[in-house]
Amino acid sequence: MTPPIEYDPDAVHPALLTFRWIVRRNGDDASYEASGTCPVCTCPMTRRWTFGQPPVAKGGFFGRREEPGPEPYYTVCQCRTLHMNRPPSEPLGCGALLAIAPPPAPGSSAGATP
Ligand SMILES: [Zn+2]
Ligand SMILES: [Zn+2]
């Protein structure tokens, strides 16, 4: 076991990651949840995006889209490990910016559920 790495807001992992997508539908809205391992800190993490709703005032959505689309998804690491020197404004993660491969298109044979 190695101790958790320090929080690093400059860490970037530009290579596309393949995470496991879970899609939940609720009427016209869909939430897409990507789960996988952050390659920078090696912790498991989950990030959720919601589609179909108009933007809401409370905000907090990073890169909201109308549709999932084919582009990569960018998120900062959302792991639950307490990384040293993490600022109070960041409740989760190691600070690394990750690029996640988009979910399979609806109807594709790849399938979103295992
Ligand atoms: Zn971590
Ligand atoms: Zn991380």
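For ligands, and for the atoms within them, numbers begin at 1 and follow the listed sequence.
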If the Zn ion (ligand 1) is the vertex, what is the angle to NE2 of His83 and SG of Cys41, rounded to 10 degrees?
-> 110°
So, are Glu33 and Arg47 salt-bridged, with charged N and O less than 4.0 Å apart?
-> no
Residue Cys79, metal the Zn ion (ligand 1), N/O/S under 2.8 Å | yes
Short N/O/S contact of Cys94 with the Zn ion (ligand 1) (below 2.8 Å) | no
Please confirm whether the backbone N or O of Ile5 pairs with a side-chain atom of His83, one donor and one acceptor, at under 3.5 Å?
-> yes
Does the shortest distance from the Zn ion (ligand 1) to an N/O/S atom of Cys77 fall below 2.8 Å?
-> no
Does the Arg25 side chain pair with the main chain of Asp29, one donor and one acceptor, at a distance under 3.5 Å?
-> no
Would you find a donor on one side and an acceptor on the other, under 3.5 Å apart, between the side chain of Trp49 and the backbone of Ala30?
-> no
